[in-house]
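One structure is given below, encoded as structure tokens.
First the proteins, then the strands, lettered A, B, ... as listed; each starts at 1.
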Protein chains: 2
Amino acid sequence: MKKEETTEHQILDAAKDVFQSKGMDGARMQEIADKAGINKAMLHYYYRSKQLLFEAVFKNAFSLLAPQLNAILNDDSSIEDKIIKFTSDYTSFMMKHPYLPNFIINELNRNEDFILKLKDNTGFPNLEKFKIKVDSEIKEGILKPIDADQLFVNILALNIFPFLGKPLVKALTKKDEKAYKAFVESRKVEVAHFIINAIKTPKG
Amino acid sequence: MKKEETTEHQILDAAKDVFQSKGMDGARMQEIADKAGINKAMLHYYYRSKQLLFEAVFKNAFSLLAPQLNAILNDDSSIEDKIIKFTSDYTSFMMKHPYLPNFIINELNRNEDFILKLKDNTGFPNLEKFKIKVDSEIKEGILKPIDADQLFVNILALNIFPFLGKPLVKALTKKDEKAYKAFVESRKVEVAHFIINAIKTPKG
DNA sequence: AATGAGTTTAACCAAATGGTTGACAAAGCT
DNA sequence: AGCTTTGTCAACCATTTGGTTAAACTCATT
């Protein structure tokens, strides 16, 4: 039997659906069982409790996101190239996993201690290399002076917010689903230009 | 008796606390009653159901946020001045209401229809005037070409995200509460510079 | 065929939860 | 003073919910 067909995996799959769209508090064990096509008791047989099943889903989700962040932080290209690549890759990734950012942001807010467990894990994004690169490009005169933390948060903000605040963005800019998708798609390049304009010293 | 001391207002106040920190699903009517110092039956006496009490809290919260957005959208100053003012004002406002952005974003995501009710309301932010101003400043050569919707979403993103993603930002940039507050405080001017650098044509 | 470990199910349980009821008091009104 | 309206509470109710149990089924090994 393939791994995707085992009961344990089917549960995790169904749990992902339900937890990510309804959150820990809104999710119901019965709904997860129904979606997985199995008896509710099986959830406890494999994952013991709602909390543990939730944590399995959460860690899984975060382990999907972390490499996206590490990609920009740990390669050796210029800051400009990092931004161009990240903005495009991250937006594509989010379009495939629309529930992910809200789910993670939300549950981290609901339980601040939760992030401590992740921090210890290897693979938790580290900004050191990025900071060094930013500072060196500033010294070289390629970039205008800017704090690397601020720049990183700006990059994240511009890329993540349109997904976090999708309903708000749609309502404010009066876009239907189709127009919203086109809007986000065009951000793949727009956002990179925007950031680079903001931080690059004029040539000459 | 002052308005703030009426039972009805005490309920709304307590409900605000509980709903904004735990969300609709995580909130408990008993906890709201306890926090308001009254019997649980009173909640239903004044607001009929959990859903209606929640909606009262939500509308209240949104009516606090909307004027902040309208401020930038409807005054007559230059885009540069709008950005400087908004970035500073909005950050101050958010520091006073830290739960607000998450609460609103979250519950809008949980129930997309909900925003339709708000849209009809007078006072719902409208971008028309802002768009016209952006386009005219681009024609005048003050700003580089940029889609007004994109610019507006960028402004929102840079200002709201640090509050939405507070735990993530704290963890990634390795800041404690004090350093985080200083970080956000300095964004009052940093973000405005960042945006203006991105969109203004070089002088000369 | 007998054994036994792993898997699955129906039925059940205690606690929590949103909501209701009926009694009663305080405040207005005639 | 009587009568009505409004406000408040303790007790109660029906349902939902996460979790448990004990029996049954599967299937490889002996």
Matching residue for B:Thr91 among B:Val191, B:Val189, B:Val184 - test: side-chain contact (heavy atoms from CB on, under 4.5 Å):
B:Val184
Start with the C-alpha distance between A:Ile38 and A:Leu43, add both sets of side-chain angles, then the distance that settles side chain to side chain contact (heavy atoms under 4.5 Å, CB included), and finish with yes or no.
CA-CA 9 Å; A:Ile38 45 118; A:Leu43 303 181; 4.0 Å; yes
Here's a test for you: under ring pair (Phe, Tyr, Trp, His ring centres under 6.0 Å), which of A:Phe163, A:Phe58, A:Phe62 qualifies with A:Phe103?
A:Phe58
Applying side chain to side chain donor-acceptor pair (under 3.5 Å), run through B:Thr87 and B:Lys188 and close with a yes or a no.
CA-CA 6 Å; B:Thr87 296; B:Lys188 283 188 189 174; over 6 Å; no
With rounding to the nearest 0.5 angstrom, report the OG1 to OH distance, B:Thr6 to B:Tyr46.
7.0 Å
DNA chain D: 5'-most and 3'-most nucleotides touching chain A, 4.0 angstrom heavy-atom criterion
D:dT17 to D:dT21
One character per nucleotide, please: for nucleotides 6-22 of chain C, 5' to 3', B when the base has a protein heavy atom closer than 4.0 Å, S when only the sugar-phosphate does, - otherwise.
SBBBB------SBBBB-
Report the C-alpha separation of A:Leu12 and A:Tyr47 in whole Å, then their side-chain angles, then the decisive distance to 0.1 Å, and conclude whether the side chain to side chain contact (heavy atoms under 4.5 Å, CB included) test is met.
CA-CA 9 Å; A:Leu12 199 64; A:Tyr47 292 91; 3.7 Å; yes
Nearest heavy-atom neighbours spanning B:Ala198 and A:Asn197
O-CB, 3.4 Å
